[in-house]
Undergrad: 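Could you have a look at this structure, given as structure tokens, before my questions?
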Amino acid sequence: MTEAVESRHFIQQLIDSDIESGQWGAPGDRSVVTTRFPPEPNGYLHLGHTKAIILNCGLAREYGGKFYLRFDDTNPAKEEQEFVDSIKSDIEWLGAEWDGDVKFASDYFEHMYAWAIELIEKGLAYVDDQSVEEIRAGRGNLKDGGKASPFRDRSVEENKDLFARMKAGEFENGSKVLRAKIDMNSPNMNLRDPLIYRIVNVTHHRTGDTWHIYPMYDWAHGLEDSIEGVTHSLCTLEFEDHRPLYDWFIDAINQGRSDEEQIHHPQQTEFSRLALSYTNMSKRYMRQLVDENHVHGWDDPRMITVAGFRRRGYTPESFWMLASDVGITKFNAIVDFSRLENMVREDLNKRAPRAMAVLDPIKLVITNWGDGGDEDRLESMEVPNHPQDESFGSRTVQFGKELWIERGDFMIDPPKKFFRLGIGREVRLRSGYWVKCHDFKADADGNVTEVHCTYDPSTRGGNNPPADEEGKVRKVKGTIHWLNVNDAIDVEVRMFDRLYMAERPGKKSGDHLDDLNPDSLTVISNAKFESGLVDRGPQEPAWGDGIRRFQFERTGYFCEDGDSSAQKLVFNRTASLRDSWAKQGR
RNA sequence: GGGGAAAUGGUGUAAUUGGUAGCACGAGGGUUUCUGAUACCCUUAGUUCGGGUUCAAGUCCCGGUUUCCCUACCA
């Protein structure tokens, strides 16, 4: 018997060996592990971010270390307070609690500036007066080396003076930059005298107009990590080429410093980003969808933003499940979108109370209802709120002569394998009675308007009828859901399909809009829902995010949308149920 | 003669670091069932290619192929 050993991904293995060797503290001390999620506040969080958040937060939790949230707000031209707010609330919703206060790169600007001066003094940085074009040309290309800037050998004094005046706001945007003096012939383009600071005369959402120079990503990022004591700086694969620079900057600051004066040097490690089929994580694409009204905003339930998924009814848990399912590797994998759907289904199946809703209603009339007593009588039926979990309790619904059933549960001329209603066929109305169809009505266009059935009084509560003289019990293959017409209210239901029809949107034509699914949204305005569930009942589970979620029996998982009101309830379909019957029809 | 990284069933991953290629999802089949849901059972299919070292190679060596990333005063 082999024990199931929990396998450790390559970053966990790296951290394990760091702890053993005492790389970041006393050997064996796991609490030294420090991670961070460093978003730029320039947009909404999307599915791809959840992987990084969960990885970093999960690691800190696992080791008993620290996880920080730090906004990398080094480019005031693109960043806004609105985004820091939305990002914080998305991370909170995800359940990735960060340690201490929220941190900002802009809090370290002074520190970074002082370190830049140190680099100048060491002859490792210089002010370059070249234009963007000149700098680009001088950098060379992938095959050939670059050539040095004519300003590369300025004196330390001149560089210090110019840099101070850059900071003071004496120069125009683009007129000067501070560059690191590394190697214009490096095969790694990042090392061909990368920019450290540029002039940006734009008001910053936190620091206002106090700064006229802003640090570039490569300079800022490692220093932020260093200041915060981050041990493992985790990022995505495209930063592999930046790691030598990440290390160079910190080494440059440490150069010539005594052991006690050395600044902390974190370890950058790269992993692959999350890519899902039928989606595109490109911020540019998502912005276009919103700006051109292909969707109704960043939180449109079809969007793969965290806000979109939340509104769609996805649970935070499903993202943690997906993250652990796809793992951490350096392989650029494309995960099937259906895996995420499976995760919500799995989570919601256990946690969502059941309800009955008829999405496309037609009337079922029980023609022999009067045989059991008063034609107009209503009978109370007890319905369990969860078929496998009694702790969900039960509720009472009314049963009567006229019911709503799903249009798809009746066929005029059904195939043999159709386990639902057709002339002469009998089904169980879930938790109600068994009914047998003998007639139907249709309008001029041939659309069925009413289905006529008789019920079997011995099947109350959906139970099997008593055995006959030979001990045989009559069986029925299908069970369908229903709502008493007097016990149902109209609600709006929004059904979503994938936004794109292509596995890799935009891959073929170059324009993702060509792959848009025109039927990604279906709004049903007259769906029927149990009136007894309009208000939250005492038995209804409380969800961490306050969103009401149900499984509508046989049709899927739904959540109440923010547009919902007491006058008109609105539900979003989070995911359908698996449907092996529909699959056969294909 | 640019540099960097990665390749394991259809998909995503694992393999005690040289020792029985495992898991999950999917797909196909079946059992149970008051949801054609859930649950449960069975089946399916894999080490990128070619060499080499070795008793033994997914793992080490050599060579090839494919894919991704890098030429922003973005991050």
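Predicted model, so just to flag it, every value in this text is computed and none were measured. Per chain, numbering begins at 1; letters A, B, ... match sequence-line order.
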Undergrad: Should the ring pair Phe319(A) and Tyr314(A) be called parallel, tilted or perpendicular, given that the plane angle runs from 0 to 90° and is split at 30 and 60?
TA: tilted
Undergrad: From C-beta outward on Arg198(A), which listed nucleotide comes closest to its side chain: rA72(B), rG36(B), rC73(B)?
TA: rC73(B)
Undergrad: Would you indicate, yes or no, if rA6(B) has its OP1 or OP2 atom less than 4.0 angstrom from a side-chain nitrogen or oxygen of Arg273(A)?
TA: no
Undergrad: Rounded to the nearest angstrom, tell me the gap between atom CG in Leu577(A) and atom C1' in rA39(B).
TA: 14 Å
Undergrad: Should the side chain of Gln388(A) and the base of rA37(B) be counted as holding a donor-acceptor pair, with the cut-off at 3.5 Å?
TA: yes
Undergrad: Can you tell me if the side-chain N/O atoms of Arg578(A) get under 4.0 Å from OP1 or OP2 in rU35(B)?
TA: no
Undergrad: Between rA75(B) and Tyr217(A), is there a base-stacking contact, meaning the centre of the base's six-membered ring lies under 5.5 Å from the residue's ring centre while the planes stay under 30° apart?
TA: no
Undergrad: Please state the C1' separation for the pair rU17(B) and rA75(B) - nearest whole angstrom.
TA: 37 Å
Undergrad: Quick check on rA6(B): is either OP1 or OP2 less than 4.0 Å from any side-chain nitrogen or oxygen of Lys330(A)?
TA: no
Undergrad: Using a distance-only criterion (donor-acceptor N/O pair, under 3.5 Å, no hydrogens), is the base of rU35(B) paired with the side chain of Arg354(A)?
TA: yes
Undergrad: Can you tell which of rC69(B), rC73(B), rA7(B) lies closest to the side chain of Glu238(A)?
TA: rC69(B)
Undergrad: Out of rA75(B), rA5(B), rA27(B), which nucleotide sits closest to the side chain of Glu240(A)?
TA: rA5(B)
Undergrad: Nearest to the side chain of Pro187(A), heavy atoms from C-beta on, is which of rG3(B), rU71(B), rU35(B)?
TA: rG3(B)
Undergrad: Taking the P atom of each, how far is rC23(B) from rU67(B), in whole Å?
TA: 33 Å
Undergrad: Of all the choices, rA75(B), rC69(B), rA6(B), which nucleotide is nearest to the side chain of Phe331(A) once you look at every atom?
TA: rA6(B)
Undergrad: Does Lys477(A) reach a base, just sugar-phosphate, or nothing at all? Heavy atoms under 4.0 Å.
TA: nothing
Undergrad: Where is the tightest heavy-atom contact between Val427(A) and Phe419(A), given as atom of each residue plus distance?
TA: CG1-O, 3.7 Å
Undergrad: Check the distance between rU67(B)'s P and Asn332(A)'s CG and give it to me in whole angstrom.
TA: 13 Å
Undergrad: Using whole Å, what does the distance between atom C1' of nucleotide rG4(B) and atom NZ of Lys143(A) come to?
TA: 16 Å
Undergrad: Is there a Watson-Crick or G-U wobble partner for rA39(B) with both distances under 3.5 Å, and if so, which one is it?
TA: rU31(B)
Undergrad: Please state how far atom CZ in Arg504(A) lies from atom C1' in rU11(B), giving the value in whole angstrom units.
TA: 14 Å
Undergrad: In whole angstroms, how far is the C1' atom of rU38(B) from the CD atom of Glu390(A)?
TA: 16 Å
Undergrad: What does rU16(B) pair with, Watson-Crick or G-U, if both distances are under 3.5 Å?
TA: none
Undergrad: Rounded to the nearest angstrom, tell me the gap between atom CG in Leu195(A) and atom C1' in rC73(B).
TA: 5 Å
Undergrad: Val132(A) near the nucleic acid: base, sugar-phosphate alone, or nothing, with a heavy-atom cut-off under 4.0 Å?
TA: base
Undergrad: Counting any heavy atom closer than 4.0 Å, what does Glu270(A) reach on the DNA or RNA strands: base, sugar-phosphate only, or nothing?
TA: nothing
Undergrad: Which part of the nucleic acid, if any, lies within contact of His481(A), taking any heavy atom under 4.0 Å across all strands shown: a base, the sugar-phosphate backbone alone, or nothing?
TA: nothing
Undergrad: Grab the CG-P distance between Asn173(A) and rC73(B) for me, whole Å please.
TA: 14 Å
Undergrad: If rU53(B) has a Watson-Crick or G-U wobble mate with both distances under 3.5 Å, name it; if not, just say none.
TA: none
Undergrad: Checking Gln268(A) against Glu270(A): is there a side-chain donor and acceptor pair closer than 3.5 Å?
TA: yes
Undergrad: Using Watson-Crick or G-U wobble geometry with both distances under 3.5 Å, which nucleotide pairs with rA21(B)?
TA: none
Undergrad: Please tell me which of the listed nucleotides, rA27(B), rU71(B), rA75(B), lies nearest to the side chain of Thr74(A)?
TA: rA75(B)
Undergrad: Would you say the base of rG36(B) and the side-chain of Arg420(A) have a donor-acceptor pair closer than 3.5 Å?
TA: yes
Undergrad: In whole angstrom, what separates Phe239(A)'s CZ from rC69(B)'s C1'?
TA: 11 Å
Undergrad: Could you check whether Gln13(A) gets within reach of a base, just the sugar-phosphate, or nothing at all, counting any heavy atom under 4.0 Å?
TA: base
Undergrad: Does Arg549(A) count as lying over the ring of Phe558(A), i.e. NZ or CZ under 6.0 Å from the six-ring centre, within 45 degrees of the axis?
TA: no
Undergrad: Where the side chain of Thr329(A) is concerned, which of rU13(B), rG2(B), rG3(B) is the nearest nucleotide?
TA: rU13(B)
Undergrad: Looking only at heavy atoms, what is the nearest atom pair of Glu406(A) and Ala357(A), with distance?
TA: OE1-O, 3.8 Å
Undergrad: What is the base-pairing partner of rU66(B), counting Watson-Crick and G-U wobble geometry with both distances under 3.5 Å?
TA: rA6(B)
Undergrad: Taking the P atom in each of rG10(B) and rG18(B), what is the distance between them to the nearest angstrom?
TA: 28 Å
Undergrad: Would you please say whether a donor-acceptor pair under 3.5 Å links the side chains of Arg395(A) and Asn385(A)?
TA: yes
Undergrad: Give the nucleotide from the list rG12(B), rU71(B), rA14(B) with an atom nearest to the side chain of Ser7(A).
TA: rA14(B)
Undergrad: Spell out yes or no: do the side chain of Asp325(A) and the base of rG12(B) have one donor N/O and one acceptor N/O closer than 3.5 Å?
TA: no
Undergrad: Considering Watson-Crick and G-U wobble pairs with both distances under 3.5 Å, what does rG46(B) pair with?
TA: none
Undergrad: From C-beta outward on Thr479(A), which listed nucleotide comes closest to its side chain: rG12(B), rU35(B), rG3(B)?
TA: rU35(B)
Undergrad: Looking at every non-hydrogen atom in both residues, tell me the closest pair between Asn159(A) and Ala125(A) and how far apart they are.
TA: ND2-O, 3.8 Å
Undergrad: Does the distance from a Lys or Arg side-chain N to an Asp or Glu carboxylate O, for Lys477(A) and Glu426(A), drop under 4.0 Å?
TA: no
Undergrad: Would you say the side chain of Arg339(A) and the base of rU11(B) hold a donor-acceptor pair, judged only by whether the two atoms sit under 3.5 Å apart?
TA: yes
Undergrad: Assess whether a salt bridge exists between Asp389(A) and Lys350(A), defined as any Lys/Arg side-chain N lying under 4.0 Å from an Asp/Glu carboxylate O.
TA: no
Undergrad: Would you measure the distance from the C1' atom in rU47(B) across to the matching atom in rC74(B) and give it in whole Å?
TA: 40 Å
Undergrad: Given rA72(B), rU38(B), rA75(B), which nucleotide is nearest the side-chain atoms of Asn349(A)?
TA: rU38(B)
